[in-house]
Protein chains: 2
Amino acid sequence: MPRKKAQSTDKADSRIRLADIAKAAGVSRGVVGRVLNGGKGNSRVAEATAKRILEIARHMKYQPNVAAQQLKGMRTHMFGTLVASAGDPLRSFLVQHLDTEAVKSGYHTMIGNTIGSDTVGPNQFDYYVDELSRRAVDGVFCAIHNWFEGDRKALTERHPNTVFFEDPGVRGAHVVKANRYIAARLATRHLLERGRRRIALIVSDLKKPTCQDRLRGFRDEHEAYGKQAQDDLVFNAAEHGKAFAWHNPELLTWQFPEEVVDLAIDELVRDAGADALVCNDDFWAATVLRRLHARGVSVPAHVAVVGYLNHYLADWTDPPLTTIDTRQDLAAERMLKMMEHLVMQGPLPEEDRVVEITPRLVVRGSS
Amino acid sequence: MPRKKAQSTDKADSRIRLADIAKAAGVSRGVVGRVLNGGKGNSRVAEATAKRILEIARHMKYQPNVAAQQLKGMRTHMFGTLVASAGDPLRSFLVQHLDTEAVKSGYHTMIGNTIGSDTVGPNQFDYYVDELSRRAVDGVFCAIHNWFEGDRKALTERHPNTVFFEDPGVRGAHVVKANRYIAARLATRHLLERGRRRIALIVSDLKKPTCQDRLRGFRDEHEAYGKQAQDDLVFNAAEHGKAFAWHNPELLTWQFPEEVVDLAIDELVRDAGADALVCNDDFWAATVLRRLHARGVSVPAHVAVVGYLNHYLADWTDPPLTTIDTRQDLAAERMLKMMEHLVMQGPLPEEDRVVEITPRLVVRGSS
DNA sequence: CTGAAAGCGCTTACAG
DNA sequence: CTGAAAGCGCTTACAG
């Protein structure tokens, strides 16, 4: 797509330049540059001159033209943030925190929404890899759920300064991710401490490493408590069809397949006598709450329920949902730290490239 | 903050330039430029030459340096999006839709989060007005809730191409906003059609024009139905203290003052015999649902409840919440249309500068 | 149809 | 301590 010329109506024409300040101050542009955007070492400028220039610049509301600076090899101080969230508020949170953290360090973020537009074509991921090159961003945050397409390896090759949220499956990549092992332990411990003795675990798909982490945490915490997690109290949703929340753009609602939830309740609560359910995520948990209610099972009296995410909905279910907060704020903070290291000093040592964020239990009424 | 030089590790150094293509194709840079980024009229280039250049460029993975283009007066094709959402997912939705729409037209968006960082100083709004000048954005979307500080007038002066979401109270501004009059009518009509006869309206503050709009809609719809809205069925929350949802960063939860909700229920349901409540927003509605439940009032059997926003939570309350969707997707679409007009043809005629988005009723279990 | 050249607004060695 | 000048990678009249 060819770029277009600015309209004459644009304010760009009337912007104050370095040369304007120089003229007003009666010095050369070089001196003004050294004072205002003063980078490199030999910035010895007479105190008085500097002060005068600063004063004039402020008065004339000078703003440097970053395009010109960029062309001279300055960094853009811009990061690209790739997401494919389709309205998932958890990613939105992360995106926002990433921006907040970036601004703290003098950077800005450009969104790259890799789904949502047919115009760019089927492979928006590739499009953004190029676009971020054109814009010469200093780095890329990739927070695209890993089930979306896109050549992550190509991304890291074109943009060595890339930090991922959640494991992209690229060797040597810089990654920040939530520790699901600890998440499962926190949930389990909480329920054990509340006197639950038949705690069940619901996971989306035991083939996924993340679910294996949860299972390990679930078992280890039982053991640490002198108990043994039981196999008939583990529900692997993948064996009963896909079970995740999806947005219906026609109805403007979120939906969740209740059949699978009912199956889980049959198997775990009715048959195996579970008195607590550690759910795969808050959508699962919210639907579990509703189905339990429909069956006359009271929460938390008969069965306790714990979610994972601390999604918005957690405060508005009935009862409000005890859940694990994945701390996207901390994740964003760490992602920015990693990025700054990448930008200033290059890649981290191999062994420091994966950072895990410790989640936090949020207790509400469902447990 | 002085910009810093790029590290030698950066990939920028090795980027292919127009000159590289020119050399490879055995032509001048001018011709290559006309073929690849070809803007202005006289772009007559021999078919064969063009094809060869295109081929070589693709092969060498040429990406134009936008900074250089910018310096020559090209537009940046970048919009700034100002928000102060602190995690409000509705704004996040809008931000995302704005980006999606922008990309469709060949633009990108830079986030400007005007709260969330102490580093930039107390007045981040002003900071962004400057920053967006430095970056020479083609326009600014301002979606900052109007109760946040910031000189909107100064913004429109520095960035004539500014489109607001919701009325900023600046004369002549370009604005897209939700039509609350229609929202109230839709909710009221729905309840009347469902046989409710004592419908109550809860608004945050009757001094606000937006709440006046709702009240008008509420009354007009009654009238259209051959009925009369009753004054004892209008609850003005402002008279009983502040009542809005807020996020508790310590507990990682959202909270809502239940006392005011109880007061509303006392006044409207217990005393005035309301059989339906049109709430100020989904937070209100969700809390109303919970308090009604606690009092043994069943929804929708005894009382129907309708919200406003179609926030995420609406699908996860018990029962799920009937509410008004404000159509942020349509709002974003219209904002982009306005922006494109501003960029290409300058301001709209005064009378076309405020666009209202027609909301949509989403029926769930609470009515 | 194509090339040579000016210039966008900066930064930064290099002289003075 | 300050100035004159080169040059970043493009676009675009202007000649040929």
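The sequence lines fix the lettering, A, B, ..., with proteins before strands; numbering per chain opens at 1. Worth saying up front: this structure is predicted, and the values here are computed from it rather than measured.
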When only distance counts, do a donor and an acceptor, one from the side chain of A:K72 and one from the base of C:dG9, lie under 3.5 Å apart? no
Residues which pass side chain to side chain contact (heavy atoms under 4.5 Å, CB included) with B:V95, listed by chain and number, not counting sequence neighbours: A:I111, B:T81, B:V83
Taken in chain and number order and not counting sequence neighbours, the residues that satisfy side-chain hydrogen bond (donor to acceptor under 3.5 Å, both in side chains) with B:T109 are B:D99
d(CD, B:Q63; P, D:dC10) in whole Å: 11 Å
Find the distance B:R34:CZ to C:dT2:C1' and express it as a whole number of Å. 7 Å
Among the nucleotides C:dG3, D:dT2, C:dT11, which one has an atom lying closest to any side-chain atom of B:V27? C:dG3
All side chain to side chain contact (heavy atoms under 4.5 Å, CB included) counterparts of B:H341, not counting sequence neighbours: B:Q345, B:L348
Determine the Euclidean distance between corresponding P atoms of C:dT2 and C:dA6; express it in Å to zero decimal places. 23 Å
Please check the phosphate of D:dC10 (OP1 and OP2 only) for any side-chain N or O of B:Y62 closer than 4.0 Å. yes
Which comes earlier along DNA chain C counting from the 5' end, the contact point of B:E47 or that of B:L71, where each point is its nearest nucleotide? B:E47
In whole angstroms, how far is the C1' atom of D:dG9 from the NZ atom of B:K23? 15 Å
Taken to the nearest whole Å, CG/B:N65 to P/C:dG9 is 16 Å
Mapping B:S28 and A:L18 to their closest nucleotides on DNA chain C, which lands nearer the 5' end? B:S28
Test item: side-chain donor near acceptor, B:R158 and B:S133, under 3.5 Å: yes
Note, DNA chain D 5' to 3' with Watson-Crick or G-U pairs under 3.5 Å encoded as ( ), [ ], | and . gives |||.||||||||.|||
Output the rounded distance in Å from CZ (A:R29) to C1' (D:dA4). 9 Å
Tell me: CZ of A:R75 to C1' of C:dC10, nearest whole Å? 17 Å
Counting only side-chain N and O atoms of A:Q69, is one of them less than 4.0 Å from OP1 or OP2 of C:dT11? yes
Are any of the side-chain nitrogens in B:R17 or B:D20 under 4.0 Å away from the carboxylate oxygens of its partner? yes
Tell me whether the OP1 or OP2 atom of D:dT2 has a side-chain N or O from A:T49 closer than 4.0 Å. yes
Atom CZ of A:R15 and atom C1' of C:dC10 are separated, to the nearest Å, by 11 Å
Measure from CZ on B:R17 to C1' on D:dC8 and round the result to the nearest Å. 10 Å
Go through D:dT2, C:dT2, D:dG9 for me and flag the one nearest to the B:A68 side chain. D:dG9
Greater than 12 external heavy atoms within 6.0 Å of B:R91's CZ: yes
With sequence neighbours excluded, what pairs up with B:L330 under the side chain to side chain contact (heavy atoms under 4.5 Å, CB included) test? B:R327, B:E333, B:I357
D:dA13 and D:dG9, which share atom name P, separated by this distance in whole Å: 23 Å
Which residues pass the side chain to side chain contact (heavy atoms under 4.5 Å, CB included) test with B:A173, not counting sequence neighbours? B:F164, B:P168, B:V170, B:V175
